[in-house]
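Report on the structure given below.
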Amino acid sequence: MSSMRNSNRSLTYAQALYEATRQEMERDSGVFVFGLGVDDPKGMYGTTLDLHKLFGADRNFDTPLSEDAMTGVAIGAALAGMRPIHVHQRMDFLLLCLNQLINIAAKSSYMFNGAVSVPIVVRGIIGRSWGQGAQHSQALHSYFMHVPGIKVVAPATPHDAKGCLIAAIRDNNPVVFMEHRMLYGNAGIVPEEPFATPLGHARTLTAGDDVTIVAISHMVVEALRAKHLLEEVGIAAEVIDPVTLAPLDMDTIAASVERTGRILAVDNSWTMCGTSAEILAQLTERLQGKRQFRAARMGYAPVPCPTTKPLENLFYPNAKTIAQRAYSLVKGNGASWDPAVSEATEISEFKGPF
Amino acid sequence: MSSMRNSNRSLTYAQALYEATRQEMERDSGVFVFGLGVDDPKGMYGTTLDLHKLFGADRNFDTPLSEDAMTGVAIGAALAGMRPIHVHQRMDFLLLCLNQLINIAAKSSYMFNGAVSVPIVVRGIIGRSWGQGAQHSQALHSYFMHVPGIKVVAPATPHDAKGCLIAAIRDNNPVVFMEHRMLYGNAGIVPEEPFATPLGHARTLTAGDDVTIVAISHMVVEALRAKHLLEEVGIAAEVIDPVTLAPLDMDTIAASVERTGRILAVDNSWTMCGTSAEILAQLTERLQGKRQFRAARMGYAPVPCPTTKPLENLFYPNAKTIAQRAYSLVKGNGASWDPAVSEATEISEFKGPF
Amino acid sequence: MTNFTDTAQLESIYRSLYRIRRVEEKIIEVYPSDAIKSPVHLSIGQESVAVGVCSVLKPDDIAFGTYRGHALYLAKGGDLKRMIAELYGKRDGSAGGKAGSMHLIDIGVGVMGTSAIVATTVPQAVGYAFALKSRKSKSIVVSFFGEGAMDEGVSYESLNFAALRKLPILFICENNHYAIYSHVRDRMPEPNPCERAGVFKIPAQKIEHGDTFKIRAASEKAVDKIRAGGGPRFIECMTYRWRDHVGPEEDRRWKYRSDAELDEWIKRDEVARIGGMLGSDARRAIEREVDAEIAEAFAFAEKSSFPGPAELGTNVFHA
Amino acid sequence: MTNFTDTAQLESIYRSLYRIRRVEEKIIEVYPSDAIKSPVHLSIGQESVAVGVCSVLKPDDIAFGTYRGHALYLAKGGDLKRMIAELYGKRDGSAGGKAGSMHLIDIGVGVMGTSAIVATTVPQAVGYAFALKSRKSKSIVVSFFGEGAMDEGVSYESLNFAALRKLPILFICENNHYAIYSHVRDRMPEPNPCERAGVFKIPAQKIEHGDTFKIRAASEKAVDKIRAGGGPRFIECMTYRWRDHVGPEEDRRWKYRSDAELDEWIKRDEVARIGGMLGSDARRAIEREVDAEIAEAFAFAEKSSFPGPAELGTNVFHA
Ligand SMILES: Cc1ncc(C[n+]2csc(CCOP(=O)(O)OP(=O)(O)O)c2C)c(N)n1
Ligand SMILES: Cc1ncc(C[n+]2csc(CCOP(=O)(O)OP(=O)(O)O)c2C)c(N)n1
Ligand SMILES: [Mg+2]
Ligand SMILES: [Mg+2]
């Protein structure tokens, strides 16, 4: 490989996932990719495109529609020392995999007292828009966070997409890797050489003293937009992306809230028993007697996801509603403000047909 | 039926479940029970014993080991106007049912805008002790709480076992009914006539001004024991049983904590993204600027459940550890105390072989 | 062709085929306007399966299907206006705009809500059949699913239980050879859905070439046996999807299947074939009527309003 | 009997059968003391399946099994001392006391961890076989499961995938007629696991009466074919559990099966039959050795200590 590398090279999130996968497949012959459609002409939004042409049909292959067994197959191959990456076009399909993931993958290392490890990566893509609706838009990270023995990563940037996927592949434990299709087109600087981003570290994306906004997956993008809106009214928001959800880097979040005295936790799922609940609970435990703080959570509206656009718009938090909620946290709960903001382009420009 | 009823009649938790089921089957010919072993000579710990002899083989029947399809069968029968009760000997097996429960049952009413309802009851029994271990001791209530469209009930007393099961059967929505095998032998006064306990109301079991202990399922019993221990050192604990977890009666809990200024949430599962997280998060949201409070959570140790008794003892909260945690909440976090207490008899006397 | 001579029935079948085809074509026409923001899985090329089977069902028989559900919804008698309004995300849609193309429902005519998760409605159909049998109803259930659903374990569990309990259900496997871009022979060591159903002692039959009359005849026989208490039956209908898996486009450019294969199936077009059996006046009368109905339905959908914010929170629970 | 004449092999088979039987009997003896606080699913009556199959396996072949795993663990060469210590919940157990009877493991001899959730190890075994094939290994995988696992959809998905990919795996269905108290004929319209495997084009064979030699012969043939790259094979071994589903007791009082059925199977006792084929000296020598080994293992387990509090948190994750 050339040593002349462009250190400012830009990749999309999808390209970063592809590159991470390809490089790890080059590095380790035990790494393989499988799942419905990974070797089809669309190659899972390009993230697995033609990998079988580079690495052979045994290392990037389509499967029958058998999510439960295929998860077991991944576990079995991992027990034999391989490093499978099992890809799901929608995270909702993981509901078919939970017996194997929760009853087996998460428990094997402990249950067999370290005699085995289960280094699998389960990629789940969150759907949104164009009428994905109730069954194609769910994010299940809190299910995996609830149970010990499984890691959860939800990168929001191309850089983290690459670094975290490499880290997940190299990790000796089951890792659920959560992607969001509205992030796929976003571009950013990504080093060409392989690198592993250590799991378990939050990123403070912007510094600010007025309010801490912790956002997850696609909500990171919306929170950053909200941060700019808030600037206009003189509010400095510290936006934190936990990146890894299990283990969750609460030290970074708690230190920020201790300073700002305000937390807005914005999840890309429902709030009830979700990640935002965990964040508030841990802050309450950690800061009691130390620092009072104001707190709010945002997430999916407490309904199944509707398909029609006007209702779907109300279902998700967005830059405007996040900014408004942060505003009222800072100014007092009565305070309201109506920033002018248009819909995020990755959403407004998304034209289906799926 | 006779009008001469013994108003002080005592039933065990298991008997109460049986009576509720039998009475509802008498009332409504659409109610039926099915699941692995429900019609076998042990009749699911007696809770379904010989119901087929009373109501026919179509209303209390064994099934193949096909949890996924059988959940779909329950939903289909419910769509046709029946009221199935699907019984699972261990809640862990529900991991096979989540595609149907989360993607279909929880969403149908909304997704079809009220055109259909899915009145199913899914009974899940939590295992514990005698080496049940990692795969036979899980409680999955937070999974169902996370997702809108499904109710969750976890009665702790024979009275609530009966009243809530009847309410669950009559409810027009999917209800996950969580039982704990360590509660089955507990006896209490249960009215003979059928009665439905409205879902969504917490019970304040003991009044106290020093600390609020919210406990779930079997932990209610341990919390009540802890309350007595705490009395010895002059601490008055208010023990609250939410009974219904979705919808969760936060008004009752928040009112109590507003008074006591202290919350100890004790779950019968892991704390991360669990019910105890939700309770702390909601208290933080509701009481901010109103009342400062001290908070702590307890639940399963953050590991899969080990089988050997010495480690299993450390895995679960118990009367002593709950009392100790409440003590340190009240006295300040450094404070410690070592109450003399023996293991709960329902645990110490439990002799397997399963 | 079969000895199918009753003109009224022939006309009714043609009307149903033509109506589905034209609805899909109208969707294709409208789609670029972005008025339909819903993933449409078109039935073009596969109309004969739903039409053949539903032509022998009674209104109170029950059908469960999939996200590729336009043909079934229409063939079973679903309300066209409400369907189009649903695709438009409008308040007058069959689910008030909350569901879109993948989740059509019209319980008044026995179309139960379809699902976007493969194979999920198969056990539900079995459960509904269990209820019908328990209640000694004369109705039956038909479960429609793609051959992809035969990859999912839940289908075997469902077939087993239906057979064990001798339930009044007809399984219709719409074998269009592909699950998205994956050919059935890449998913099964031998593509043999009938044989697979057979191990549960469910009589199974395969109908080649999407032949409407053969599908109808096989269904008629199966439905009679089922209604007489004979337990489940299984029919595999070979068929073909002309358009892309999802969306309005052709998909030759993706090269996952050969043009020759597609063209052979297009040549078999049942809409054209059966249309050709009618007198041209009769045919034109049907087409005119149907075209007018469709135009009206799209106009209705256009005019219907979007649901308002208050509707976001309704019907999460049933009272 | 088959033409099984090699005395050393006969002795080795008897040793294995007798050893399993005596371990289980010793567990029954000790159980009332509550030293074993673990749900034991005894293999008494079913020894011949694990013994027959494992007698043709190589040490680096891999076996996946179930919570009813004592026979498999021992037949495949699992460490007896660590097994008993595991049942006692002790630190020297095969899983340090964290797992108990339902989750035995000894990867050194190819016994992969067993599971308490029915059918879960079936796809894992397939995945392991996929890895072996990818790596061009000469080893094979054997997947043991009860006939109850054939009710679960995941088993069909697993068979399908194994066949599709021609994986080096032998499926052993231990058909003891019951899943807990539920007879297989109440769960399948026809109890035909072999036919079910057959639709995936997996050669399948049924062995009646728990005959050790026939199981061995069938396994030998199957394993040869598998090793030669012939893809998966399936053997259904009819067998019978003498004791209760779980726990040390007899279960006649529950009346879910007839005494006559049980007694007929007890009469077929393979341990006694094969023991009877040996000279009495040879037999007694084996039994003495085995008895001594078992006594030692239980003493070892008694003496081993319980894990300490620090072990609660170890091995949740792998470094
Ligand atoms: C359980 C599940 N897995 C995967 C998908 C993604 N998916 C949507 S449609 C489809 C193809 C299904 O093929 P088939 O059942 O043959 O129906 P067809 O589209 O051909 O009508 C797949 C894999 C899904 N929706 N549900
Ligand atoms: C998925 C699942 N469903 C139900 C159970 C409860 N259960 C434990 S053992 C058993 C019977 C299994 O029968 P079989 O597979 O024939 O094995 P056997 O016990 O006869 O050896 C059942 C139903 C379980 N452990 N896992
Ligand atoms: Mg198809
Ligand atoms: Mg069995």
Side-chain angles (χ1 to χ4, degrees), chain B residues 35-44 57 61-72 88-90 92-96 99-100 127 129-138 270 300-316 347-354, chain D residues 31-32 34 36-41 67 86-91 93 95-103 115-120 146 148-154 179-184 186-188 244-249 251 253-256 306-309 311-316:
Chain B
L36 291 167
V38 295
D39 62 358
D40 80 13
K42 290 179 177 164
M44 207 46 67
F61 59 93
D62 190 34
T63 74
L65 287 81
S66 306
E67 287 84 353
D68 185 0
M70 291 306 111
T71 308
H88 298 269
Q89 215 189 347
R90 285 293 172 274
D92 312 67
F93 309 157
L94 285 181
L95 290 167
L96 282 159
N99 186 35
Q100 287 288 337
S129 283
W130 210 260
Q132 291 286 296
Q135 299 174 332
H136 273 57
S137 57
Q138 291 170 98
W270 293 285
Y300 291 176
V303 304
C305 182
T307 52
T308 189
K309 192 82 169 71
L311 296 186
E312 198 203 39
N313 289 345
L314 302 171
F315 180 78
Y316 294 103
I347 299 165
S348 62
E349 286 173 7
F350 190 85
K351 296 289 184 193
F354 184 60
Chain D
Y31 213 79
D34 294 347
I36 298 173
K37 293 185 175 62
S38 185
V40 291
H41 299 75
Y67 53 88
E86 189 59 39
L87 269 58
Y88 275 68
K90 297 296 182 70
R91 180 177 275 156
K98 283 173 174 165
S101 163
M102 301 196 289
H103 308 294
S115 170
I117 308 289
V118 172
T120 40
M150 289 295 290
D151 292 356
E152 294 281 3
V154 72
I180 308 186
Y181 302 155
S182 174
H183 196 280
V184 60
D186 296 326
R187 292 178 283 114
M188 296 186 179
D244 204 342
H245 168 72
V246 59
E249 308 270 339
D251 65 359
R253 72 190 180 287
W254 294 111
K255 305 264 176 239
Y256 67 95
F306 284 106
E311 282 153 79
L312 178 69
T314 57
N315 289 312
V316 178

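To find a chain, count down the sequence lines: A is the first, B the second, and so on, and within it residues start at 1. Note that the coordinates shown come from a computational prediction; the quantities given were computed from them, not determined experimentally.
Contact between B/His136 and D/Ala116 at its shortest, heavy atoms only, is CE1-O, 3.2 Å. Of all heavy-atom pairs spanning D/Pro248 and B/Pro353, the tightest one is CD-CB, 4.1 Å. Closest approach of B/Glu67 and D/Glu152 over heavy atoms only: OE1-OE2, 2.6 Å. Heavy atoms only, all atoms of each residue included: B/Pro64 and D/Arg187 are closest at CG-O, 3.5 Å. In plain terms, the two heavy atoms of D/Leu312 and B/Val303 that are nearest each other are O-CG1, 3.4 Å. Smallest separation of non-hydrogen atoms from B/Trp130 and D/Ile36: CZ2-O, 3.5 Å.
In this structure, the separation between NZ on D/Lys37 and OG1 on B/Thr308 is 8.5 Å, given to the nearest 0.5 Å. Between atom OG1 of residue B/Thr307 and atom NE2 of residue D/His103 there is a gap of 7.0 Å, rounded to the nearest 0.5 Å. How far CG of B/Asp40 is from CG of D/Asp186: 11.5 Å, rounded to the nearest 0.5 Å. In this structure, B/Phe354 CZ and D/Ile180 CD1 are separated by 7.0 Å, a value rounded to the nearest 0.5 Å. Note: B/Leu95 CG to D/Thr120 OG1 = 11.5 Å, rounded to the nearest 0.5 Å. Separating the NZ atom in B/Lys309 from the CG atom in D/Asp34 is a distance of 11.0 Å, to the nearest 0.5 Å.
For chain D, the nearby part of B/Phe93 is the side chain; its heavy atoms alone come within less than 4.5 Å. For D/Asp244, the part sitting under 4.5 Å from any heavy atom of chain B is the side chain, from C-beta outward, and nothing else. For D/Val118, the part lying near chain B is the side chain, with the backbone staying farther off; criterion is any non-hydrogen pair under 4.5 Å. Interface remark: B/Asp62 contributes side-chain atoms only to the contact with chain D (heavy atom separation under 4.5 Å). Within the 4.5 angstrom heavy-atom criterion, only side-chain atoms of D/Met102, from C-beta onward, approach chain B. For D/Val40, the part lying under 4.5 angstrom from a heavy atom of chain B is the backbone only. Using a 4.5 Å cut-off between heavy atoms, B/Thr63 contacts chain D through its backbone alone, with no side-chain atom that close.
Taking D/Tyr181, D/Tyr88, D/Phe306 one by one and counting their heavy-atom pairs under 4.5 Å with chain B, the maximum is reached by D/Tyr181. Of the listed residues (D/Gly96, D/Gly153, D/Gly89), the one with the most heavy-atom contacts under 4.5 Å to chain B is D/Gly89. With respect to chain B, the highest number of heavy-atom pairs below 4.5 Å among D/Ala149, D/Gly313, D/Ser115 belongs to D/Ser115. Ranked by heavy-atom pairs under 4.5 Å with chain B, the first of D/Ser182, D/Gly308, D/Gly93 is D/Ser182.
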